[in-house]
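All ligand and atom numbering here is 1-based and tracks the order in the structure. We're numbering straight along the sequence, starting at 1. Source: prediction; values computed, not measured.
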Amino acid sequence: MKEKLALIKENALKEIAKCVGSTEIEAVRVKYLGKKGELTSILRGMGGLSKEERPIVGKIANEVREHIEKFLDDSISSIKNKEKNEKLQNEVIDISMPGRKQNIGKRHPIELTLNKMKNIFIEMGFSIEEGPEVEYDYYNFEALNIPKNHSARSEQDTFYINDNIVLRTQTSPVQARVMEKQKPPIKMISPGRVYRSDAVDATHSPIFYQMEGLVIDKGITFADLKGTLELFAKKMFGDDVNTKFRPHHFPFTEPSAEMDATCFVCEGEGCRVCKGSGWIELLGCGMVHPEVLRRCGIDPEEYSGFAFGFGVDRMVMLNYGIDDIRLLYESDMRFLNQF
Ligand code: DAH
């Protein structure tokens, strides 16, 4: 028995000394000191010893266990220490390493222009309304006095989702939505994206921006329309800018017009930007057609109003001297960083 114990001690110490990792050393602990371990089974077998032998062997066995335990504890703590140091080594942060450059975003020229336009209208007491880009054919056309088969539909090459749903070709449907749910007085603008299946070139993009405007109240006249839009042009491009209204046709306004402003590059002399005319076309506008008011639940005998629609991209291009609309949608940092 004594020899057996001595052998167990010798083997255990040897094996512990060889261990390099904590899982390994734990296995050795279980092998010798665990419930089914070698030393444990010896202690269990002590019942078979004589009365005299029992305390002697018991004492030796306890010493062996203590010895192994002590050696184990020391080894475990030195292995843990070593492992911790290795881990810290691997996690070292090199504080001298140069940082990664963060690119700071800039506002897009469309947003810059839209913000300027919005602020001018907000100053004049307009609210901002939004409408869906995926729109019912009804709001995009029918409510605006453009029935099926109307020739005006072919001017706006439409992306159809199905027979009743389109990608809106204009921001004008927001007019109809607002008139349906709000009682006059109404004084709103609605900027947003619109879609047309045009072939892409320097002046056409399948996605572009418009800004709609609508004013409805008792006694609104074409003079209110002119006054509002002239003031807008001066605030947008400067006090020297003049405006003129040319008769035009839109199905949802009567009478309809287009507004031109004196070219802010050549101030009316004629240049490349205004193609020599001295004037730049800014928007479509008109007095809201009585039929449109009626369809949207507003009595045209009681109320009248005007509406207008800007092509925002055009304003951006004119504002910054950009000659290709595609630049606005390509997200090229070399271009965008200039603003
Ligand atoms: N929706 C028209 C277009 O896309 C622009 C427009 C013209 C809007 C006259 C209006 C308006 O509100 O009164 O061509």
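Ile216 and Leu229 fall into different hydrophobic clusters, where Ile, Leu, Val, Met, Phe, Trp and Tyr residues are linked whenever their side-chain heavy atoms come under 4.5 Å apart, directly or through other members.
A salt bridge links Glu69 with Arg65; the closest basic N to acidic carboxylate O contact falls under 4.0 Å. With salt bridges taken as basic N to acidic carboxylate O contacts below 4.0 Å, one links Glu135 and Arg177.
For the residue pair Gln170/Gln210, the side-chain donor-acceptor check at 3.5 Å is not satisfied. For Glu129 and Gln182, the side-chain atoms include at least one donor-acceptor pair closer than 3.5 Å.
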Contacts table for ligand 1: protein N or O within a distance under 3.5 Å of ligand N or O, distances only.
| from | atom 1 | to | atom 2 | distance (Å) |
| --- | --- | --- | --- | --- |
| ligand 1 | 1 (N) | Gln170 | OE1 | 2.7 |
| ligand 1 | 1 (N) | Ser172 | OG | 2.9 |
| ligand 1 | 4 (O) | Arg196 | NH2 | 3.0 |
| ligand 1 | 4 (O) | Gln210 | NE2 | 2.9 |
| ligand 1 | 12 (O) | Gln175 | NE2 | 2.9 |
| ligand 1 | 12 (O) | Glu212 | OE2 | 2.5 |
| ligand 1 | 12 (O) | Phe308 | N | 3.4 |
| ligand 1 | 12 (O) | Phe308 | O | 3.3 |
| ligand 1 | 13 (O) | Ala307 | O | 3.2 |

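Between Leu328 and Pro109, some side-chain heavy-atom pair lies under the 4.5 Å cut-off.
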